[in-house]
Amino acid sequence: MTVISITHDVEEIKLSSRVLLLKSGMLIEDTNPYELFNSVENLEKYSLEMPFSAQLSRHLINSGLDIPNSYMDEEELIKCIKKLYLKM
C-alpha cells in the first residue's frame, strides 16, 4: 500500500521511506529521510529544521558522548544510548 503525505513537518517527514521535495510545483529532490537529515547543507538549502532526534544526537556528540554522527530516529538513538549505558 502507498500513502502520500504532503507536509512541512520534519517530524512527519522522518517517518517516510521516500521524500520528494517540491518548490513551486517542481521536483527539486528525491531522497530518503536519512540522506536528507544527514546533510546540514540540504537542510539549510531547503530551509528545513533538523528533527528533534537529530538535534539531540548533535548535542550529545558535542557533549562528548560516543555515538554515530549520522541521522537516527528516536528508537535508534535510544538503543544507541542504552548500549553506551550498559558498557559503563
Side-chain angles (χ1 to χ4, degrees):
M1 175 166 50
T2 300
V3 175
I4 297 174
S5 174
I6 300 170
T7 186
H8 291 111
D9 182 357
V10 293
E11 297 299 325
E12 189 174 332
I13 292 170
K14 69 182 185 183
L15 300 173
S16 63
S17 58
R18 184 176 178 195
V19 178
L20 302 174
L21 294 175
L22 303 173
K23 183 173 185 176
S24 301
M26 302 297 294
L27 180 66
I28 56 173
E29 190 79 37
D30 183 351
T31 187
N32 64 58
Y34 289 91
E35 289 178 14
L36 180 64
F37 296 132
N38 270 328
S39 171
V40 174
E41 180 183 300
N42 276 348
L43 292 172
E44 291 172 356
K45 183 164 101 177
Y46 302 128
S47 301
L48 295 172
E49 290 181 19
M50 192 176 291
F52 174 76
S53 60
Q55 291 178 32
L56 180 57
S57 292
R58 290 191 191 270
H59 177 73
L60 294 173
I61 290 168
N62 292 338
S63 297
L65 202 61
D66 186 24
I67 61 173
N69 190 15
S70 60
Y71 172 70
M72 294 180 273
D73 63 24
E74 283 89 355
E75 288 182 24
E76 293 168 318
L77 182 57
I78 289 169
K79 286 179 188 176
C80 187
I81 293 170
K82 280 183 181 178
K83 200 181 287 187
L84 285 174
Y85 179 76
L86 293 174
K87 286 182 181 179
M88 299 172 111

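Side-chain atoms of Val10 and Met50, non-hydrogen and from C-beta on, never get closer than 4.5 Å to each other.
Other residues, nucleotides and ligands contribute at most 12 non-hydrogen atoms within 6.0 Å of the CZ atom of Phe52. Counting non-hydrogen atoms of other residues, nucleotides and ligands closer than 6.0 Å to CD of Glu74 gives a total above 12. The neighbour count for Ile4 CD1, taken as heavy atoms of other residues, nucleotides or ligands under 6.0 Å away, does not exceed 12. Other residues, nucleotides and ligands place more than 12 heavy atoms under 6.0 Å from the CG atom of Leu86. Within 6.0 Å of CG in Asp66 there are 12 or fewer heavy atoms belonging to other residues, nucleotides or ligands.
For the pair Pro51 and Lys14, the tightest heavy-atom approach, listed with the atom from each and the gap, is CB-CD, 4.2 Å. Residues Arg58 and Val40 approach most closely at NH2-CG2, 3.3 Å, considering heavy atoms. The two atoms that bring Cys80 and Pro68 nearest to each other are SG-CD, 3.5 Å, heavy atoms only.
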Trace of the side chain to side chain contact (heavy atoms under 4.5 Å, CB included) decision for Leu21 with Leu36: CA-CA 10 Å; Leu21 294 175; Leu36 180 64; 3.9 Å; yes
Residues Val19, Glu29; criterion side chain to side chain contact (heavy atoms under 4.5 Å, CB included); working and verdict: CA-CA 8 Å; Val19 178; Glu29 190 79 37; over 6 Å; no
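Applying the side-chain contact (heavy atoms from CB on, under 4.5 Å) test between Met72 and each of Ile81, Asn38, Ile67, Leu56 identifies Ile67 as the sole match. A side-chain contact (heavy atoms from CB on, under 4.5 Å) with Phe37 is found for exactly one of Asp73, Asn42, Ile13, namely Ile13.
The cluster map of Ile, Leu, Val, Met, Phe, Trp and Tyr, joined by side-chain heavy atoms under 4.5 Å apart, puts Ile28 and Leu20 in different clusters. Hydrophobic cluster membership differs between Leu60 and Ile78, with clusters built from Ile, Leu, Val, Met, Phe, Trp and Tyr side chains linked at under 4.5 angstrom. Cluster membership check: Leu48 shares its hydrophobic cluster with Tyr71, using side-chain heavy-atom separations under 4.5 Å among Ile, Leu, Val, Met, Phe, Trp and Tyr.
With rounding to the nearest 0.5 angstrom, the OG atom of Ser39 is 7.5 Å from the NZ atom of Lys45. Rounding to the nearest 0.5 Å places CD of Glu49 at 12.0 Å from NE2 of His8.
The backbone N or O of Asp9 sits less than 3.5 Å from a side-chain atom of Thr7, completing a donor-acceptor pair.
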